[in-house]
Amino acid sequence: MSKQQSLFDDAPAEWELDAQSQRLVATVVLGEGATGEYDYLVPEALSDRERGEYFLEVGRRVRVPFGRSNRKVVGYCVALETKLVDAARLKSVAEVIDAHALLSPAMLRLTRWMADYYLCKWGEVLEAVVPAGVRLLAGTRKVTLLAVPEDVRETMGQLKLGSPQQRKALDYLAGCGRTLTTAQLADAVGCTAGPIKQLLKKGLIESHEKRVRSGEFDEITAERESPLVLNEDQQRAFDAINAALESGEARGMVLFGVTGSGKTEVYLQAIERVVGYGRQAIVLVPEISLTPQTVRRFRARFDGVAVLHSHQSHVERHREWQRIARGEVQVVVGARSAVFAPTPNLGLIVVDEEHESSFKQDSSPRYHARDVAWQRAQAEEIPLVLGSATPSLESWYKTEQSEFARLDLPSRVSNRPLPDVVTVDLRDSAHTKFSRGAISRPLHQAMVAALRDQGQVILLLNRRGFSTHVQCPACGYVAECPACEMSLTFHRQESILRCHYCDYHEPPPVNCPDCKSPAIRYGGMGTQKLEAEVLARFPEHTCERMDTDSMRKAGSHQQVLDRFSKGEIDILLGTQMIAKGLDFPNVTLVGVINADTALHLPDFRAGERTFQLVAQVAGRTGRGEKGGRVLVQTLSPEHMAIRAAVRHDFEMFAEEDLTTRRQLGYPPFGSMIRILVRGPAEETARAVAEGLAERLKREVTGEEGIRIMGPAAAAIPKLRDHYRFQIQLQAPTLDPLRSAVQRATTRWKVPDGVFLAVDVDPWDMM
DNA sequence: GGGAGAATTCCG
DNA sequence: GGAATTCTCCCA
């Protein structure tokens with residue numbers, strides 16, 4: 001973010017001082033276009049709150065003339081101050097757009113911090129923080145209301161009017177005791193708009209504009225539930241959060257609790273306290289967990305619950321935002337962007353499943369909601385609770401450094417044991433000989449036993465489609481996406497080859513396009529093929545598949561889960577969407593078809609993700625009387641992430657992985673910025689990436705401990721016809737990296753058709 | 001010197 | 001981000 005430039009480089013000269021005067025000046029940041037802050041004069045009519053709703057205050061949007069052509073642009077008023085300025089050199093604010101501030105001064109500071117931290121424009125952050133529905137004032141319309149001015153009212157009787165209808169209209173309006181629209185007045189008097197226009201023209205009636213809501217909405221209510229009794233561990237965690245609430249300080253806490261340990265009840269009771277103080281709480285949950293049941297759980301305990309997520313209409317979101325801003329809401333439940341909810345008196349932020357990737361936004365501003373939440377908590381001096389069974393190593397390390405407190409919920413509620421987890425070594429020929437399918441002999445036998453005892457089974461396979469590659473055994477040809485050069489997946493239901501990175505698809509070949517051989521082979525296991533295998537092995541049992549392909553229709557997700565919970569489905573198989581948050585007591589077996597899918601990706605978090613996935617899917621079983629088992633099929637049973645997951649030992653995993661990360665300087669022991677350069681022309685993109693790397697290296701010469709790697713082709717080297725190159729920067733602290741990137745990219749124009757994406761604290765390394 | 005097109009500057 | 005201004009190159 002560039003510093004505010006002064007109009008004068010030096011102190012003003014004697015003659016210039018004459019032009020200075022004390023004026024009310026608004027500092028404006030543009031929503032898009034030019035970066036920087038621009039000062040405008042505030043006209044009398046907009047500075048006076050006595051003269052209507054549309055006066056200027058910090059946090060509202062304005063329309064201002066900008067540039068040499070004075071085109072009107074939208075900006076955010078970030079400061080308002082009476083100061084000595086040369087009025088002749090400033091333009092004036094043209095219009096105030098909002099009737100209420102969209103951002104409090106504290107939120108403005110938070111967005112400013114984001115722009116600095118994530119190396120993007122302040123205006124861009126502001127546009128991302130205020131939902132589009134709010135910016136567009138969705139669900140409201142402008143009406144023009146008429147009234148008789150006070151001075152006219154006094155002399156009305158003696159006035160000579162142009163027509164009897166004007167008289168009637170004026171008398172009616174003066175007598176009705178409220179303001180009316182033109183249509184209402186015309187209707188009441190039985191005239192057209194003509195006489196009313198005449199009165200307006202003569203100044204006998206005045207008009208002002210107002211925004212009104214265009215429709216009313218029903219309040220959703222849920223059946224009330226009372227708080228549960230906390231067990232000893234929950235009580236201890238609750239007490240700690242409570243102490244933090246009473247301290248009036250910003251305190252970060254990691255609520256480390258295995259799946260099923262009752263984290264939510266702790267949140268709920270802590271929020272009750274917050275509400276008791278007359279304050280609000282924000283609960284962030286991953287996008288996929290934001291289901292009707294999750295929301296119902298909060299509605300059953302609190303009166304005002306607002307929900308914010310990306311699938312809402314503009315009107316809904318605008319309505320929720322306004323309710324929150326008016327202080328009518330006690331609890332805001334939402335995905336990532338709910339961290340910006342305009343609560344007037346925030347008391348607590350909870351981030352549930354804080355390790356989830358959906359808290360990181362993958363377009364600019366590439367913020368992480370957990371980190372923004374901590375920033376907001378510090379600014380508002382309130383506690384932040386991060387809940388997870390498998391905390392991110394970033395948060396975990398903060399507890400080790402005592403920056404965050406650690407609150408443990410080591411046991412499941414009603415002391416159910418964690419399920420037994422065993423690995424099945426897929427390298428063992430005894431297993432593989434049994435069948436060429438995905439299900440090994442031990443897994444098959446475990447399924448038979450579980451189903452025989454009336455239990456339900458969950459199978460996890462993180463690959464959609466039928467077969468993951470289509471190959472000609474004669475010449476080696478592999479069907480690839482022309483836009484991404486990644487192998488195409490065969491989807492049997494639609495009978496189509498599909499690219500999983502873009503929307504490309506084509507019909508499957510009958511003969512090999514290269515050598516005309518008819519013997520095309522469909523290799524690799526996807527959920528559709530697994531489904532076929534399960535149906536073949538267990539014809540007498542019901543099986544349902546759950547992945548993004550089978551769950552296209554809205555509500556189908558919920559439908560399948562309902563049927564599964566009623567026991568109408570014996571075997572549920574699917575991608576990681578079945579690994580999260582489901583709670584079905586009758587699930588006695590979980591099978592992980594291939595635990596290694598994420599393990600060998602070129603990503604320093606590969607181990608962390610594998611551990612999380614196995615630990616989470618393991619948590620889906622053993623929630624009922626019958627207990628549960630987990631079978632993890634893997635080619636790397638000795639890998640530390642898998643060994644630790646089998647033992648339910650997060651601490652062992654964390655200790656080992658942190659040791660490796662410390663040696664290599666990876667987060668949390670160092671900071672990282674990833675820059676992706678992409679474009680349709682491979683050589684141009686490469687050249688730009690090389691040029692940028694050169695500039696970066698020049699910027700950091702002589703600085704200690706900074707590593708610049710690349711440019712290198714990204715892990716997905718081509719995507720949607722764009723060639724991708726990445727540069728990775730690492731250093732013990734972030735500041736030198738940020739300033740190097742800033743110096744290397746400001747006033748550096750990338751050629752048309754080449755795009756830069758700067759990602760601070762990247763999560764996605766592909 | 002002047003015109004066209006590219007590069008750069010600046011916007012309050 | 002876009003328009004105005006400045007720079008640069010070529011030709012006469």
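Just so it is clear: chains get the letters A, B, ... in the order the sequence lines come, proteins before strands, and each one is counted from 1. The basis for the numbers below is simple: all heavy atoms, side chains too, and nothing from hydrogens, waters or symmetry mates. Bear in mind that the values here come from a model prediction, so they are computed numbers and not experimental data.
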Distance in angstrom units between [X] [atom1] and [N] [atom2], rounded:
X: K72(A); N: dG2(C); atom1: NZ; atom2: C1'; result: 16 Å
X: F755(A); N: dG1(C); atom1: CZ; atom2: C1'; result: 14 Å
X: N70(A); N: dG1(C); atom1: CG; atom2: C1'; result: 16 Å
X: F66(A); N: dA3(C); atom1: CZ; atom2: C1'; result: 11 Å

Sequence neighbours left out, cut at 3.5 Å: what donor-acceptor pairs do the side chains of residues 712-722 of chain A make with other protein atoms?
residue	atom	partner	partner atom	Å
K718(A)	NZ	P482(A)	O	2.9
K718(A)	NZ	E485(A)	OE2	3.2
H722(A)	ND1	R678(A)	NH1	2.9

Touch class at under 4.0 angstrom, heavy-atom based, for Y40(A) against every strand present: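 Here Y40(A) touches the backbone only, sparing every base.
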
Quiz item: cation-pi between R109(A) and W122(A), 6.0 Å / 45°: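 Relative to the ring axis of W122(A), which defines the angle, R109(A) lies outside at least one limit.
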
Row check, F55(A) ring normal vs R60(A) NZ/CZ: under 6.0 Å, within 45°: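 Yes.
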
Short heteroatom pairs, N/O only, protein and nucleotides 8-10 of chain B, under 3.5 Å:
residue	atom	partner	partner atom	Å
dC10(B)	O2	R68(A)	NH2	3.3

Exercise: do Y117(A) and D761(A) side chains pair donor with acceptor under 3.5 Å: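 Checked: Y117(A)/D761(A) side chains pair up, N/O donor to acceptor below 3.5 Å.
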
Partner of V283(A) by side-chain contact (heavy atoms from CB on, under 4.5 Å), out of V351(A), V350(A), V332(A):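 Of all the options given, the one that passes is V350(A).
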
F340(A) and Y367(A) aromatic centres sub-6.0 Å: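 Aromatic pair counts; centres sit under 6.0 Å.
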
